[in-house]
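One structure is given below, encoded as structure tokens.
All of these numbers come straight from a predicted model, not from anything done at the bench.
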Amino acid sequence: MNKGRRQRFTRVKKNGGKESDMRKSVMALAVTATVGFGTIFGGTSVRTEAASISSLKGEQNKIQQQRSDINSTITQKNNQITDLQNQQTDVKDEITRLDKAITDSTNKINETNAKLESTKAEILKLQGEMEVIKDRIEKRNLLLKDRARSYQETGGMVNYIDVLMGATSFSDFVDRANAVVTIMQADQAILKEHEADKQELETKQEQVKANLASIEKMAADLQNLKQQLNVQKAEKDKALASLKDQENEAHEGVMDLQEQDEILAAQQAAIQKAIQLEQEAQARAAAEAAEAAAEAAAAAKRKAASSSSSKGTASSGGSSSVVSSGSTPGVSSGFWTQPAVGYLSSGFGSRGSERHVGVDIANRASVPILAAADGVVIRSYVSSTYGNCIFVSHSINGQVYTTVYAHMSSRMVGSGAVVKKGQQIGVMGNTGASHGQHLHFELHKGPWTQDKRFAINPVGIVPLP
């Protein structure tokens, strides 16, 4: 096979001429990074092939619109990423501000605690001074009590008069008067000192209380401020983590969309190849038809006088399968053939909480994987979930189909290759998100889409174990 481009024609003699069955049309349409596909082609008339080309071109236009929508969404996602990054910058700036405020408050708390310790030392010093003052006051209280008792016993000022009147001379009188004045002034000084000490004591007591209360309040306020700042920082850290998660999700979304766009581009290329194959087939068919017509006309002229020409019939190959032995299934004569030998381990439809859009063919041996029909390989690559996988697009009587082959151990054809029904394209394996060796096979009536809305049950359409 010339890289998938060689087409098979069955020629049947008719009145010395040839008739040609039209080549099976090719269609490429598969769209994911995680699946493999099989291809199908059917023999049709030139008119059907022309309609198929028109259908392929229509699919190209649809794919171009899908790519345009995807690129528009990618632009929106990139704008979203830029906005999220700007928000993260704002949050980081706010976190930096909060970190600085927390550091400042911590330093102030340390300074306040140092002041608190210094104030406590001052308080101890003041308390010592207050004890001295209290002692002086106490001693004065005793002295004043003694004087008060003396006044009560002697009549107070009378004693001073007696002292003056008892003078023996004028000089003695003056001395006695000066002594009385001195005593009276001493008493007044004692009283003033007493009042001053009492006032000082009260002032120092109030000062100690005020200083201590002020510093303790400052320390409490700073501690509350630090706690509030820590709460705000924790909230900002949480917001930043959320923004980063959103940005990662947006990046993943862009990557998914870019991958879808790559697959759509591959589909467009495959469709273009299918159109080229259809056009080449039509040209060959037209040339063969003209050649056959010319030969038939010449033969008719030669035999016109003697006999009429007999008509031949073309064999369609029947409905039975070509039986083969070993690990390779027989290739059916219809549009489809069995993709692998094994047993059906999982069917199409609901499977637990998920929707299983294909069927699983299991086999302990490493058996070949065959193309289920003629087609064009959309993509052949390794997927994180489907492992080694191949997408193949088919066109049967103008209808597009897509087949998927997943979890293979190896792949034998690349993207853009034209494959024939029954051609080996890989080997059964257990790659990707797989549990046990098997082939995950999908059939889509139309292109492969993200929501897999075109997936159909292959049972009854494609021969299966």
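- Judged by distance alone, the side chain of Ser68 and the main-chain N or O of Gln64 form no donor-acceptor pair under 3.5 Å.
- Ser380 contributes a side-chain N or O that, together with a main-chain N or O of Val413, makes up a donor-acceptor pair within less than 3.5 Å.
- The backbone N or O of Arg364 lies less than 3.5 Å from a partner atom in the side chain of Gln437, making a donor-acceptor pair.
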Inset, instruction - Could you give me the CA-CA distance, side-chain angles and deciding distance for Arg97 and Asp93, then say whether salt bridge (Lys or Arg N to Asp or Glu O under 4.0 Å) is met? - result: CA-CA 6 Å; Arg97 185 192 68 79; Asp93 290 342; over 6 Å; no
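- The residues Lys217 and Asp221 are annotated as salt-bridged, a charged nitrogen and a carboxylate oxygen being separated by less than 4.0 angstrom.
- Under the 3.5 Å distance criterion, the side-chain polar atoms of Thr337 are matched with a main-chain donor or acceptor of Gly330.
- In this structure a side-chain-to-backbone donor-acceptor pair under 3.5 Å is missing from Arg351 to His356.
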Inset, instruction - Before giving the answer on side-chain contact (heavy atoms from CB on, under 4.5 Å), spell out for Ile461 and Tyr401 the whole-Å C-alpha distance, their side-chain angles and the decisive distance to 0.1 Å. - result: CA-CA 12 Å; Ile461 300 175; Tyr401 291 90; 5.6 Å; no
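- For the 3.5 Å distance criterion, the side chains of Gln87 and Asp83 qualify, holding a donor opposite an acceptor.
- For Gln223 (side chain) and Ile109 (main-chain N/O), no donor-acceptor pair under 3.5 Å exists by modelled atom type.
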Legend entry - Verdict with reasoning, Gln228 to Asn224, per side-chain hydrogen bond (donor to acceptor under 3.5 Å, both in side chains): CA-CA 6 Å; Gln228 292 174 6; Asn224 289 335; over 6 Å; no
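- Between Ser242 and Gln246, the side chains place a donor N or O and an acceptor N or O closer than 3.5 Å (distance only, hydrogens not considered).
- When atom types are taken as modelled, the side chain of His444 and the backbone of Glu442 share no donor-acceptor pair closer than 3.5 angstrom.
- With respect to the salt-bridge test (charged N to carboxylate O, under 4.0 angstrom), the residues Glu111 and Lys108 do not qualify.
- A donor-acceptor pair is defined here as one N or O able to donate and one able to accept, closer than 3.5 Å; such a pair exists between the side chain of Asn363 and the backbone of Val341.
- Between Asp261 and Arg67 there is a salt bridge, since a side-chain N of the basic residue sits under 4.0 Å from a carboxylate O of the acidic one.
- At least one donor-acceptor pair under 3.5 Å links the side chain of Thr402 to the backbone N or O of Gly446.
- For Lys244 and Glu247, the salt-bridge test fails: no basic side-chain N is under 4.0 Å from an acidic carboxylate O.
- Under the 3.5 Å distance criterion, the side-chain polar atoms of Thr431 are matched with a main-chain donor or acceptor of Asn388.
- The CD atom of Gln423 lies 9.0 Å from the CG atom of Asp374; values are rounded to the nearest 0.5 Å.
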